[in-house]
Number of protein chains: 2
Amino acid sequence: MVNLSPTFSPLYQQIKRLMIQALESGEWRPGQAIPSEQELAVRFQVSQGTVRKAIDELAADNLLIRRQGKGTFVASHADPRALFRFLRLTPLSGEIVPLKSEPLDCWRAKAGQEASRNLGIELSAPIIIIRRVLKHESKPIVVDEIYLPGEIFSGLNIEMLRDWQGSIYGLFESRFGVRMLHAREKIRAVAADRNVAETLGVPEASPLLSVERVAYTYGDKPVEWRRGLYSTAEHYYLNELS
Amino acid sequence: MVNLSPTFSPLYQQIKRLMIQALESGEWRPGQAIPSEQELAVRFQVSQGTVRKAIDELAADNLLIRRQGKGTFVASHADPRALFRFLRLTPLSGEIVPLKSEPLDCWRAKAGQEASRNLGIELSAPIIIIRRVLKHESKPIVVDEIYLPGEIFSGLNIEMLRDWQGSIYGLFESRFGVRMLHAREKIRAVAADRNVAETLGVPEASPLLSVERVAYTYGDKPVEWRRGLYSTAEHYYLNELS
DNA sequence: GAGTGGTCTAGACCACAGC
DNA sequence: CTGTGGTCTAGACCACTCT
């Protein structure tokens, strides 16, 4: 097929876009298998190789997971392997154990300047704020404030957070249909104020990691803004540069 | 071809290994073009598609860079785009400008326990230690200590560091034939001691990012261990979670 | 126009999982 | 045994770069 280039987009990219639509619309749900490559080739009227290339990219983006002999599955935050992708905190010594989340508070508010900018919503639009602590063997390691667009997460309350076993992104995925796909973190070192020091059980003015995150769903739409303060006395933030 | 599985390795993986050998041996040098896909297909006696798949992976690993219409090139730290891969420090406001490196000191020593473990060398093996400062518009932002295996970097001295324009990994690559391929960083928050505070021009006990890095060359061999202290008053460490 | 990487196809066959 | 993803091939054609 000829293309006359300024708007050239390879077939497999177009297929990829169609598949993202199927994911976003909920036609294919987290944890479930999508149709086989053969079926998709028929559905989209292209060869299997072209479908494969589209799936390859979606798998590289962590939207899909391939399992030889079994099928291709929609990635899910319910999968424990997804956990470490978004919280790379590791004990200085000892095993990597998932931290236990304890919600402290959850309330409604109106978006200020910062929340509005980071979440891409109107000033004074409704937002939900969560405060929580993450503990390692009952020792507080992280204190978090999470800002969510009220429109998308309406109905969220502290009881839901308390009852939920598993990662908070798992909750967002299964209760609100919001899938966090990637995030950008800005990391700095700050001094603990009195309040935080008390919550984390460290001396006032102790150095803490400040981790500010914006997380995005389909179409690079920001849907979460959070700021965490990490006590790194007995943990470190692990990052792979590759 | 039949394979009877326990030792199964796809052809393109074998080709990939051969290509890594060509890179490691210096047959193909940083910045230069490697042979075309057609030539490689002939050389390795496989189809172009198989060569492509091998190259695809090497490009994904940042060992090669494809340029449509021009060829496939060996990635180089001389390429300014490679810079940000290993130093993700961004000003809170303003443009991303490469930091300027000022070596403070460079001396020989024997590996202690930590250096020996991190560099995978014998206790008391010769090492080289570099102390330096990175500045942003003549303001010190980072103070670094870099530990290198003396055997590989023999001949390195502070004059070389002073004369070199560009990233230190560019120096390692072009003068010592050592190519840093990936790294692992452990990030914590610490308080500035008197010495460091003076060097960075911040109050004593100020919170700083402590970034400890081990960098690896071919075959996941560790060849650099460093610890940096970052002043994050006006910069942050940017991390993409994907 | 010549050469390079990039796309797409159709078909054969292999490895893996589960029945 | 069947269905799934994974590998490999051979060939045609397109897009990009440089001469």
Side-chain angles (χ1 to χ4, degrees), chain A residues 1-19 22-23 28 31-76 79 81, chain B residues 1-19 22-23 28 31-76 79 81:
Chain A
M1 203 193 301
V2 189
N3 199 290
L4 298 118
S5 128
T7 51
F8 172 67
S9 164
L11 238 191
Y12 76 89
Q13 291 284 5
Q14 302 175 35
I15 305 301
K16 186 180 171 188
R17 227 172 297 133
L18 292 173
M19 292 182 68
L23 289 166
W28 302 333
Q32 294 184 339
I34 69 171
S36 75
E37 296 179 354
Q38 270 307 333
E39 289 176 274
L40 292 171
V42 172
R43 164 163 166 182
F44 296 128
Q45 292 291 303
V46 298
S47 76
Q48 190 198 356
T50 301
V51 170
R52 273 192 73 76
K53 184 134 191 185
I55 295 180
D56 279 346
E57 292 212 348
L58 291 169
D61 294 345
N62 293 114
L63 294 195
L64 297 177
I65 297 173
R66 319 189 76 137
R67 298 194 216 223
Q68 183 171 147
K70 298 173 81 171
T72 301
F73 298 78
V74 181
S76 168
D79 185 334
R81 284 168 303 173
Chain B
M1 201 192 304
V2 189
N3 199 290
L4 298 119
S5 129
T7 51
F8 172 66
S9 163
L11 237 192
Y12 76 89
Q13 291 283 4
Q14 301 175 37
I15 305 301
K16 186 180 171 188
R17 228 172 298 134
L18 292 173
M19 292 181 68
L23 289 166
W28 302 333
Q32 293 184 340
I34 69 171
S36 75
E37 295 178 354
Q38 270 307 334
E39 290 176 275
L40 291 172
V42 172
R43 164 164 166 181
F44 296 128
Q45 292 290 302
V46 298
S47 77
Q48 190 198 355
T50 301
V51 169
R52 272 192 73 74
K53 183 134 191 183
I55 295 180
D56 280 345
E57 292 211 348
L58 291 169
D61 294 345
N62 293 115
L63 295 194
L64 297 177
I65 297 174
R66 319 189 75 138
R67 297 195 216 220
Q68 184 170 153
K70 298 171 82 171
T72 300
F73 297 78
V74 182
S76 168
D79 185 333
R81 285 169 302 174

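Within every chain, numbering begins at 1; the chains are lettered A, B, ... in the order of the sequence lines, protein sequences first and strands thereafter. Keep in mind that this is a model prediction, so the values were computed, not measured.
Put simply, CG on B:Leu11 is 17 Å from P on C:dC13, counting in whole angstrom units. Atom-to-atom, CD1 of A:Ile55 to P of C:dC8 comes out at 15 Å; the value is rounded to the nearest Å. In this structure, the CD atom of A:Gln13 is 15 Å from the P atom of D:dA15, given to the nearest Å. Spacing between atom CD1 of B:Ile15 and atom P of D:dT7 amounts to 14 Å, rounded to whole angstrom units. Rounding to whole angstrom units, NZ of residue A:Lys16 and C1' of C:dC8 are separated by 18 Å. In this structure, B:Phe8 atom CZ and D:dC8 atom P are separated by 6 Å, rounded to whole Å. At whole-Å resolution of the value, CZ in B:Arg67 and P in D:dC18 are 10 Å apart. We find that CG of A:Leu64 is positioned 15 Å from C1' of D:dT4, with the value rounded to whole Å.
Distance from the side chain of B:Lys70 is smallest to D:dT17 among D:dA15, C:dC8, D:dT17. Among D:dT7, C:dT7, D:dA15, the nucleotide with an atom closest to any side-chain atom of A:Pro10 is C:dT7. Taking every side-chain heavy atom of B:Tyr12 into account, D:dC8 is the closest of D:dA15, D:dC8, C:dG18. The side chain of B:Glu39 has C:dT4 as its nearest neighbour among D:dT4, C:dG5, C:dT4. Closest contact between the side chain of B:Glu37 and the listed nucleotides C:dG5, D:dG6, C:dT9 involves C:dG5. Of the candidate nucleotides C:dA15, C:dA10, C:dG5, C:dA10 has the atom nearest to the side chain of A:Ser47. Comparing atom distances between the B:Arg66 side chain and each of C:dG5, D:dG5, C:dA10 picks out C:dG5 as nearest.
Base engagement by B:Arg52 is indicated by at least one non-hydrogen atom pair under 4.0 Å involving a base atom.
Remark: the backbone N or O of A:Ser36 is paired with a side-chain donor or acceptor of A:Glu39 at under 3.5 angstrom. A donor-acceptor pair is defined here as one N or O able to donate and one able to accept, closer than 3.5 Å; such a pair exists between the side chain of B:Gln14 and the backbone of B:Ser9.
Taking for each of B:Gln48 and B:Val51 the nucleotide of DNA chain D with the nearest heavy atom, the 5'-most of the two is the partner of B:Val51. Residues A:Gln68 and A:Val46 both approach DNA chain C. Their nearest nucleotides, taken by heavy-atom distance, put A:Val46 toward the 5′ side.
Dashed line: the shortest gap from a side-chain N or O of B:Lys53 to OP1 or OP2 of D:dT7 is under 4.0 Å. Between B:Thr50 and D:dT7, a side-chain N or O to OP1/OP2 separation shorter than 4.0 Å is absent.
Applying side chain to side chain contact (heavy atoms under 4.5 Å, CB included) to B:Lys16 and the options B:Val51, B:Leu63, B:Asp56, B:Asp61 leaves one that passes, B:Asp61.
Residues B:Arg52 and B:Ser47 have side chains that never bring a donor and an acceptor to within less than 3.5 angstrom of each other.
Figure legend: A:Arg66 and A:Phe73 shown without cation-pi pairing, the cationic atom not lying both under 6.0 angstrom from the six-membered ring centre and within 45 degrees of its axis.
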